[in-house]
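Shown next, in structure tokens, is the structure this report addresses.
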There are 2 protein chains.
Amino acid sequence: MVTVAAFARTAALVGDPARAGMLTVLMDGRALTAAELARAAGVTPQTASGHLAKLAEAGLLTVARQGRHRYHRLASPAVARMLEGVMAVASMPDAARPAATRAPSIRSPGPRDAALREARTCYDHLAGRLAVAMADSLVARGAVELGEDGGALTPAGEVFLRGLGVDLDAASGRRVFCRPCLDWSERRPHIAGALGAALLATCLDRGWLRRSEGSRAVAVTPGGRLALGRAFGYRQACACGDAA
Amino acid sequence: MVTVAAFARTAALVGDPARAGMLTVLMDGRALTAAELARAAGVTPQTASGHLAKLAEAGLLTVARQGRHRYHRLASPAVARMLEGVMAVASMPDAARPAATRAPSIRSPGPRDAALREARTCYDHLAGRLAVAMADSLVARGAVELGEDGGALTPAGEVFLRGLGVDLDAASGRRVFCRPCLDWSERRPHIAGALGAALLATCLDRGWLRRSEGSRAVAVTPGGRLALGRAFGYRQACACGDAA
DNA sequence: CCCATGCTTCGGCCATCGCCGAAGCGTCCG
DNA sequence: CGGACGCTTCGGCGATGGCCGAAGCATGGG
């Protein structure tokens, strides 16, 4: 039985601006140190420490100590799904949201912003223009079906993706491991869930994409430009996310 | 762009105990008056009024005035999904959750509790033992596939459900409109999303189930007992939810 | 061995926000 | 038309909880 108190406590944990900032940053799926999270949230380390202790104790985060660092990451896909759900509601076009008290949210990414819109990680899968293009291409080719409530990989899609080297068995024995996830920047769904994770893993394994240091942006490699263009008809909008 | 501030504000809205209680009750999908919600949350009407105004302004609820009553309901499926996500995390078996400060959550349903566990509404679909049994039966028969990340209706399942009179076209043109939703009492997934809504609608239309007055429990009618037993192999655990 | 670094705990300050009593509007009914 | 009812607004009280400075443990490196 889930008590209303536990329900409220969980939501309240996400509802604090500082903690929300940390969780937002952790949505890229990586493990970050307390100091990095403190900077991201705009608070001092001691304040962040308190927040992180609460989040960990409630089971939203897991911590791994490595030397004198403590790495924090989202505890489970369920937490990521919850955060996605809140995002979806928060981004809904609702009645007159006064843009008055607009805190500087996250330190302005500046020129990196374009790279973020192009391709970035979203917990364990891809997001951005690349991810939306991949989803569109897969739907157009009849490889996956995507709806408001879920998605599915078709038999034809299974063949196609295996041909690309995507490891479909690692995820689960069934073909229903697909889930739409609303893209912040594109405002269109991309592919999340186990299939989304497998796609990202493949792109990284084959050297098509490379994670950026200290950012959730991912860069398309020269080889990736070729392979992604061929497989999904993807063409970069700009060269800003280029991998040297 | 979704600012971190908006994200936190949305979660904080859910994070207050009184508002959480109201939202929990509204998860049954019905529209309730401010007074009913005040009772459910255990606060006075004027306090509830303030909360409801905030929830409506943020787009979580929609209000419909009818005479001197104001009926409140969840604004969209997206809101229901968000609340489900929070529930899923809140119900996770995490580190030592002290059961000390256990508020009386919701007024104890007493004898009605058994009926709630048997069959109840969950936003726009069914939950409880009946819903889990239906999901199990559909999976066993190969009509739907359910995974952690989503679900899908198979071609065979489409035929089967059309035979039962389920209106599949009303939901969407595709067959991916299925979604797992963790059942509180059973701790196992049942079918949500557009398919779950269509199933509930069919059960009500055909007189197999009947909503109870003032409760989210639904009662199985004599005809429903026969039909649900035949279609899903369902047998009531007790007669407590009986429809006179 | 000692210092630098990363993180935590403690104590006190302060703002936010939920809460209710009282009073003010609309609506419905006798 | 007057009273009952549903709901809202207003004002003040109180508590929860976030914030930082300072100090306390650990770990790792010189």
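Scope of the values below: all heavy atoms of this structure, side chains included, with no hydrogens, waters or symmetry mates. The chains referred to below are lettered A, B, ... by the order of the sequence lines, with proteins before strands, and numbering in each begins at 1.
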Seminar exercise, completed: Here the distance between atom P of D:dT27 and atom CZ of A:Arg65, to the nearest Å, is 6 Å
Exercise. What nucleic acid atoms does B:Ala18 come within less than 4.0 Å of, heavy atoms only: base, sugar-phosphate, or nothing?
Worked result: sugar-phosphate
Exercise. Is the backbone N or O of A:Arg188 less than 3.5 Å from a side-chain atom of A:Asp183, with the two atoms forming a donor-acceptor pair by type?
Worked result: no
For this session: Side-chain contact test, heavy atoms from C-beta onward, threshold under 4.5 Å: evaluate it for B:Leu209 versus B:Val220 and give yes or no.
Result: yes
Exercise. Are the side chains of B:Ile191 and B:His125 in touch, meaning some heavy atoms are under 4.5 Å apart?
Worked result: no
Exercise. Taking atom C1' of C:dT5 as reference, at what distance in whole Å does atom CZ of A:Arg39 sit?
Worked result: 16 Å
For this session: With DNA chain D as reference, determine whether A:Thr47 or A:Gly67 sits nearer its 5' end, using the nearest nucleotide of each.
Result: A:Thr47
Exercise. Below 4.0 angstrom from OP1 or OP2 of D:dG18, is there any side-chain N or O of A:Arg19?
Worked result: yes
Exercise. Hey, is the side chain of A:Lys54 poking within less than 4.0 Å of OP1 or OP2 on D:dG17, counting only N and O atoms?
Worked result: no
Exercise. Out of D:dG21, C:dC7, D:dG18, which has the shortest distance to the side chain of A:Thr44?
Worked result: D:dG21
Seminar exercise, completed: Ranking C:dC7, D:dC19, D:dT27 by distance to the side chain of A:Val43, first place goes to D:dC19
Problem set entry | Value in whole Å for how far the P atom of D:dC7 lies from CD of B:Glu36 | 8 Å
For this session: Let me know the distance between CG of A:Leu32 and P of C:dC7, rounded to the nearest Å.
Result: 11 Å
Exercise. Rounded to the nearest Å, what distance is computed from the CD atom of residue B:Gln66 to the P atom of nucleotide D:dC7?
Worked result: 12 Å
Exercise. Can you tell which of C:dG21, D:dC20, C:dC19 lies closest to the side chain of A:Gln46?
Worked result: D:dC20
Exercise. Distance check: side-chain N/O of A:His51 vs OP1/OP2 of D:dG17, anything under 4.0 Å?
Worked result: no
Exercise. Among the nucleotides C:dC19, D:dT8, C:dG6, which one has an atom lying closest to any side-chain atom of A:His69?
Worked result: C:dG6
Problem set entry | Spacing between B:His72 atom NE2 and D:dC7 atom P, to the nearest angstrom | 7 Å
Exercise. Just how far, in rounded Å, is C1' of D:dT8 from CG of B:Leu37?
Worked result: 15 Å
Exercise. Considering only heavy atoms from C-beta outward, does the side chain of A:Val218 approach that of A:Leu126 to under 4.5 Å?
Worked result: yes
Exercise. For the base of D:dC7, is there a side-chain donor-acceptor partner from B:Arg68 under 3.5 Å away?
Worked result: no
Problem set entry | A:Ser185-A:Arg120 side chain donor-acceptor pair, cut-off 3.5 Å | yes
Exercise. Tell me: CZ of B:Arg9 to C1' of C:dC17, nearest whole Å?
Worked result: 15 Å
